[in-house]
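Comments concern the structure below.
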Amino acid sequence: MIISRIETIRVRQFPDLIFVQIYTDSGVIGLGESWYAASTVEAAVHDHFGPLLMGRDPFEIERHWQTMFRLSDHAGYGGAELRAISALDVALWDIKGQALRMPIFEILGGGTRHRIRVYNTLGVYGDITDGHDVWTDPVGVAKRLLDEGISGMKMSPTDFIARESDGQLLFKDDLDWALRPLREIRDKLGMEIEVANDGHGKWNLPNALRIVREMEPLRPMWHEELISPLNEEAHVRLQSATSTPIAAAERLMTRYQHRRFIESSAARIIMPDLTWTGGISEVKKIAILASVHQKPIAPHDCVGPVNMLACAHIAMSMPNVMIMEYNRAMHLGWYRDFIEPDFVIDDGFLMAPTEPGLGTHLKSSVRDRADAIIRTSDEKAEPWLMSRKRYTYPPAEVQDEFIESTGRRRAGSGAVYYD
Ligand SMILES: [Mg+2]
């Protein structure tokens, strides 16, 4: 089996959403996804990585990951290139699972569980307005979730009050006002529902320290990104100031950035975003690294629908998954416009996918949408970094002499090696 074509699909309705489909000569099609600055991810998929993958064996997932990562790391890894790698990685796992007729988690090592508890991040889409309602009827929102079997929720009470000063100035009255919904939930429902606090990296350290101390009696499930995870020492100071776990972080890229937060006391809960940080291959490694330090991972969502399925395979196979993020408004609002079959949330749990591969497909109607932007590439071409003529040293004749005398395979210079 070889990779014969790569396709990206974006829609103007959700400008950050991008699907990637890898086609093979045997007819198996793998689906991946990323989210954020989709047109730049599209360019990375087709112009940067596509030529590396075309004509190659889709089963060699780790090899392709390393090759793509080395190419992107030539100028410092991260950003759109890593999101492209993430989407391509998920699509490769989908191909392998379908070809072997097994759900991906079976290939990753098999089920350590067959469902994972979810918490609901309060969103707003269509008829579901949890993110608005929590300000006017917080107890009602919490009760509705509990009625659905969902025993945890996440809100961002301090985002609004950070706006005016860009997180530099915090008034006590503002914080009291912002924490009213959570106080009301604790007053009426006690600890019936867990509530996580997401700060979206909006605060400086001194204000974050005040917030965690002020919220201590409210017993949040965790504090997430009150400060941006740019500096793990600042996170260590934040964690040491509170008994509430600090979670970090959806914006850490690969095992290499997560390592510092896992190995230090900067975070007690590790929260990778699979579609940003390197795909299924990388989140598995991050989970293993976290397990060495006896820490759980709690995968991030609030991106597209494929992420939930990809994370489900991690959650079923890796023992140290704590809980899965879920956005009820996005799921019931628009995820089903794009994938079928849908993933299953049952009584507050994300259930193990049962179909081979990822367990879902892109609906055929997506390609027919008037707002769809579809780009395909099918040409195998050596990217410029592999061009022997322009960038290889030592000179070609010296390389040939080396290859002839040693019997080794050709290794291009620069960041990429593919024989
Ligand atoms: Mg977050």
Side-chain angles (χ1 to χ4, degrees), residues 16-17 33-37 78-79 82-83 86 116-125 130-131 134 145 150 152-163 166-167 178 181-182 194-205 207-208 211-212 215 220-232 234-235 238-239 242 244-254 257-258 261-262 266-278 283 286-287 290 295-305 307-308 310-311 314-315 321-331 350:
D16 284 322
L17 177 65
E33 169 194 276
S34 194
W35 176 275
Y36 193 63
L82 195 58
R83 293 196 295 282
S86 305
I116 185 78
R117 192 177 285 280
V118 298
Y119 68 94
N120 181 54
T121 290
L122 303 180
V124 176
Y125 193 87
D130 297 334
V134 75
L145 293 175
I150 297 175
M153 61 185 242
K154 183 160 83 186
M155 59 187 297
S156 305
T158 63
D159 279 11
F160 179 68
I161 59 172
R163 226 178 259 175
D166 201 18
L182 180 51
E194 295 280 357
V195 181
N197 172 33
D198 190 349
H200 292 117
K202 293 186 185 298
W203 294 102
N204 60 21
L205 179 60
N207 289 335
I211 292 168
V212 297
M215 289 185 70
M221 181 158 59
W222 63 64
H223 292 293
E224 169 184 337
E225 294 192 337
L226 280 173
I227 53 175
S228 185
L230 298 167
N231 176 346
E232 78 276 12
H235 259 257
L238 189 62
Q239 180 64 88
T242 176
T244 302
I246 299 293
E250 65 210 54
R251 61 190 93 189
L252 293 175
M253 297 295 106
T254 76
Q257 288 185 10
H258 277 93
F261 286 75
I262 292 170
R268 292 183 189 158
I269 297 165
I270 308 305
M271 187 173 290
D273 185 295
L274 188 148
T275 63
W276 298 345
T277 202
V283 173
I286 290 165
K295 291 180 181 178
I297 71 163
H300 177 250
D301 189 51
C302 288
V303 285
N307 180 55
M308 285 296 287
C311 287
I314 289 289
V321 179
M322 171 184 175
I323 198 166
M324 178 68 212
E325 182 165 10
Y326 168 61
N327 190 310
R328 199 170 69 125
M330 293 170 91
H331 179 214
L350 171 64

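Heavy atoms only: backbone and side chains are in, while hydrogens, waters and symmetry mates are out. In listed order, ligands and their atoms are each counted from 1. Just so it is clear, the model here is predicted, and its values are computed rather than measured.
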Inset, instruction - Using the test side chain to side chain donor-acceptor pair (under 3.5 Å), find all partners of D198 that sit at least two apart in sequence or belong to another chain. - result: H200
Legend entry - Which residues share a ring-ring contact (aromatic ring centres under 6.0 Å, His included) with H223, sequence neighbours left out: none
Inset, instruction - Determine the minimum heavy-atom distance between W222 and A298, stating which atoms define it. - result: CH2-CB, 4.3 Å
Inset, instruction - With sequence neighbours excluded, tell me which residues meet salt bridge (charged side-chain N to carboxylate O under 4.0 Å, His left out) with E250. - result: none
Inset, instruction - Classify the side-chain pair N120/D130 by whether it contains a donor and acceptor separated by less than 3.5 Å. - result: yes
Inset, instruction - Check the Mg ion (ligand 1) and write out every protein N, O or S atom at under 2.8 Å, as residue and atom. - result: D198 OD2, E224 OE2, E250 OE1
Legend entry - Among M155, M221, M215, side-chain contact (heavy atoms from CB on, under 4.5 Å) partner for V195: M155
